[in-house]
Amino acid sequence: MKKSYILLFLILANLFWAGNYILGKYVVTELSPIQLTFTRWLIAVFLLFPLAHWIEKPNWKSVWKAWKVLLAMGLLGIISYNFFLYWALTYTTSMNAALVNSINPALIVLFSALLLKEKISIHHVLGLIISLFGVLLVLTKGHLLEIFHLTYNKGDLLMILAILVWTFYSIIGKKLKSIPIISATAVSVFLGLILVSPFAIGSGLNFDLSGPAITGLLYIGIFPSVGSFIFWNISLRHINASQAGIYLNLIAVFTAILSLILGQTITIVQILGGLLVFIGVYLTSKKKKDLQAVTKSM
C-alpha cells in the first residue's frame, strides 16, 4: 500500500477520534459510560458485517478460528478503552483527557520495543519528543509550566487506564495479518458486545435522548467506531505499532481545531504547537535513508 494512503488513514482515524472526545463529553450527560459504549458498538456492528462481506468477502470460518485473539481485542479496544474514556469524561475535561492521551505514543513505543522487539531509531525518538512538546503547547496554550499545576482527578487516572488498554490493543492488532481487517474488527466488536450487553441492559438503557445527543451518538457509532478502527487497523498491517502510535498526538490538535469550529478561541501558540506535532509525525514516518537524503540535499 502506498505510504500516502497510510498517512491519510492515520489522519482520518485520529480526526474521527477527536470528534469522539468532543461529542462524547456531551453524550455522557444523558447516557452512562457503559450504556454509551454498548449503544455505540451496537450501531457499528450493523455496518461492519455488511461492509466486511461486501468488500472483503472473507472466509468467515477462518476468521472465527482466531476468536481468542479477537475476543481479547474486543475486551480491550471495544469495551475497556471506550468505557474508561467515557467514564473519564464524566469527571474531567476534554482538555485533560487529551493531555493524558498524549502519553499514549510513548507507551506504544516502549511496549512495542519490549514485547515486539521493534527497533527505536534516533529520529523516531526525536519525532516523538517534538510532537509531544507540540501537544503540550496546544493544551497549555503556551504556558508549559502549567503542566505541573494541573490537578489530576479521578478522570485523569481513568484516562491512564484507557491508554494502557489501547497500547495493548494496538500491539495485539499486529498479530492478525492473515485475517481481513474489516472482518476482524466486526467479529471483535460482536464479541465485545456479547460481553458488555448484560451490564448495559442491567444498568437500564435510556432511549429518551435529546436531538444533540442522538446526533452525537450517531456520529460516534459511525465515524470513530467504524471509520477510525478500520483505518487504524489497516495502518497497523503496514507500519510498526510504535510508528503508528505517534499519530495519536494528532487527536489533541484536531480537538483544538474542532473546539475552534464550535466557537472556542485558539491562539498563535496553539497553532505553533499543532505545527510541531505535524513535524514530529513527519519525522517518525520517514525512513532513515529518506532522512539522510534530505540532510545531504540541505
Side-chain angles (χ1 to χ4, degrees), residues 9-56 70-71 73-90 94 97-98 101 162 165-166 169 173 180-235 248 251 254-255 258 261-262:
F9 289 161
L10 287 168
I11 290 174
L12 287 175
N14 287 285
L15 174 60
F16 296 157
W17 276 326
N20 185 34
Y21 275 73
I22 297 292
L23 295 177
K25 179 68 178 176
Y26 295 103
V27 180
V28 291
T29 62
E30 299 187 34
L31 285 175
S32 70
I34 195 72
Q35 292 169 350
L36 176 51
T37 300
F38 173 76
T39 309
R40 164 188 181 170
W41 293 113
L42 186 62
I43 295 171
V45 78
F46 284 104
L47 297 173
L48 286 168
F49 275 102
L51 282 173
H53 195 74
W54 176 52
I55 297 174
E56 297 174 336
L70 294 172
L71 178 63
M73 293 185 70
L75 180 61
L76 293 172
I78 306 306
I79 299 176
S80 300
Y81 172 78
N82 293 282
F83 174 71
F84 286 134
L85 168 61
Y86 296 135
W87 193 8
L89 288 174
T90 62
S94 297
N101 187 73
V165 165
W166 187 258
Y169 172 83
I181 294 163
I182 304 176
S183 305
T185 305
V187 173
S188 64
V189 168
F190 178 76
L191 293 173
L193 276 173
I194 292 176
L195 292 176
V196 78
S197 58
F199 302 99
I201 296 172
S203 66
L205 294 175
N206 176 24
F207 298 102
D208 186 20
L209 302 176
S210 66
I214 293 174
T215 301
L217 187 58
L218 288 174
Y219 170 87
I220 292 171
I222 297 172
F223 293 98
S225 303
V226 178
S228 291
F229 270 71
I230 290 175
F231 291 150
W232 178 260
N233 285 312
I234 287 175
S235 302
L248 292 173
I251 291 176
F254 290 139
T255 299
L258 291 174
I261 293 174
L262 292 174

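Hydrogens, waters and symmetry mates are skipped; everything else that's a heavy atom, side chains included, is used.
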Asks: Within this structure, what is the OG-CG distance for the pair Ser235 and Asn233, rounded to the nearest 0.5 Å?
Replies: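 CG of Asn233 is found 8.5 Å from OG of Ser235.
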Asks: Going through the distances and angles, do Trp41 and Phe190 end up as a side chain to side chain contact (heavy atoms under 4.5 Å, CB included)?
Replies: CA-CA 8 Å; Trp41 293 113; Phe190 178 76; over 6 Å; no
Asks: If we only count heavy atoms from C-beta on, is the Pro224 to Tyr219 side-chain gap below 4.5 Å?
Replies: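 A side-chain contact under 4.5 Å exists here.
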Asks: What verdict does the side chain to side chain contact (heavy atoms under 4.5 Å, CB included) test give for Leu48 and Ile230, after you've listed the backbone C-alpha separation in whole Å, the side-chain angles of each residue and the deciding distance to 0.1 Å?
Replies: CA-CA 9 Å; Leu48 286 168; Ile230 290 175; 3.9 Å; yes
Asks: Could you tell me whether Phe223 atom CZ has more than 12 heavy atoms of other residues or ligands within 6.0 Å of it?
Replies: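 Not buried by this count: 12 neighbours or fewer within 6.0 Å.
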Asks: Please find the pair of heavy atoms, one from Ala200 and one from Gln35, that lie closest to each other, and give the distance.
Replies: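 Nearest heavy atoms, Ala200 then Gln35: O-CG, 4.4 Å.
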Asks: Which distance, rounded to the nearest 0.5 Å, do you find between the OG of Ser203 and the CD1 of Ile34?
Replies: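 Answer for the OG-CD1 pair, Ser203 versus Ile34, is 7.0 Å.
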Asks: How long is the gap from CG on Leu36 to OG1 on Thr29, to the nearest 0.5 Å?
Replies: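 Taking CG in Leu36 and OG1 in Thr29, the distance rounds to 10.0 Å.
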Asks: Could you grab the distance from atom OG1 of Thr185 to atom CG of Leu47, nearest 0.5 Å is fine?
Replies: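 Answer rounded to 0.5 Å: 12.5 Å.
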Asks: Can you find a heavy atom in the side chain of Ile11 that is under 4.5 Å from one in the side chain of Phe231?
Replies: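 No. Closest side-chain heavy atoms not under 4.5 Å.
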Asks: Suppose we call two aromatic rings close when their centres sit under 6.0 Å apart. Are Tyr169 and Trp166 close by that rule?
Replies: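 Ring centres of Trp166 and Tyr169 closer than 6.0 Å.
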Asks: How long is the straight-line distance from CD1 of Ile222 back to CZ of Phe16, given to the nearest 0.5 Å?
Replies: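 Phe16 atom CZ to Ile222 atom CD1 measures 10.5 Å (nearest 0.5 Å).
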Asks: If I compare all heavy atoms of Val45 with all of Pro50, which pair ends up nearest, and what's the gap?
Replies: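 For Val45 versus Pro50, the nearest heavy atoms are O-CD, 4.3 Å.
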Asks: Looking at Ser183, is its backbone amide N or carbonyl O close enough to the side chain of Glu56 to form a donor-acceptor pair, meaning the two atoms are under 3.5 Å apart?
Replies: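 Present.
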Asks: Distance from Trp17 atom CH2 to Ser225 atom OG, nearest 0.5 Å?
Replies: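 Reported to 0.5 Å precision, the distance equals 10.5 Å.
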Asks: Could you walk me through whether Asn20 and Arg40 satisfy the side chain to side chain contact (heavy atoms under 4.5 Å, CB included) test, starting with their C-alpha distance in whole Å, then the side-chain angles of each, then the deciding distance to 0.1 Å, before giving a yes or no?
Replies: CA-CA 11 Å; Asn20 185 34; Arg40 164 188 181 170; 3.4 Å; yes
Asks: I'd like to check Leu76 versus Tyr81 (side-chain heavy atoms, cut-off strictly below 4.5 Å). Are they in contact?
Replies: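 No, every pair of side-chain atoms sits at 4.5 Å or beyond.
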Asks: Any idea which heavy atoms bring Gly192 and Ile79 closest together, and the distance?
Replies: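 Looking at all heavy atoms of both residues, the closest pair is O-CD1, 3.0 Å.
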Asks: What closest approach, in Å, do Ile78 and Phe229 show between heavy atoms, and which atom pair accounts for it?
Replies: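 It is CD1-CE2, 3.7 Å.
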Asks: Closest heavy-atom contact between Thr37 and Pro33?
Replies: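 It is OG1-O, 2.8 Å.
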Asks: Between Ser188 and Leu70, which heavy-atom pair has the shortest distance, and what is it?
Replies: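 That closest heavy-atom pairing would be CB-O, 3.4 Å.
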Asks: Do the ring planes of Phe84 and Trp87 sit parallel (below 30°), tilted (30 to 60°) or perpendicular (above 60°)?
Replies: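 The rings of Phe84 and Trp87 lie parallel, inter-plane angle below 30°.
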Asks: Give the intermediate values and the outcome of side chain to side chain contact (heavy atoms under 4.5 Å, CB included) for residues Leu217 and Leu31.
Replies: CA-CA 10 Å; Leu217 187 58; Leu31 285 175; 4.2 Å; yes
Asks: Taking the side chain as every heavy atom from C-beta outward, state whether Ile220 and Ile43 have any atom pair closer than 4.5 Å.
Replies: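 No, too far: nothing below the 4.5 Å cut-off.
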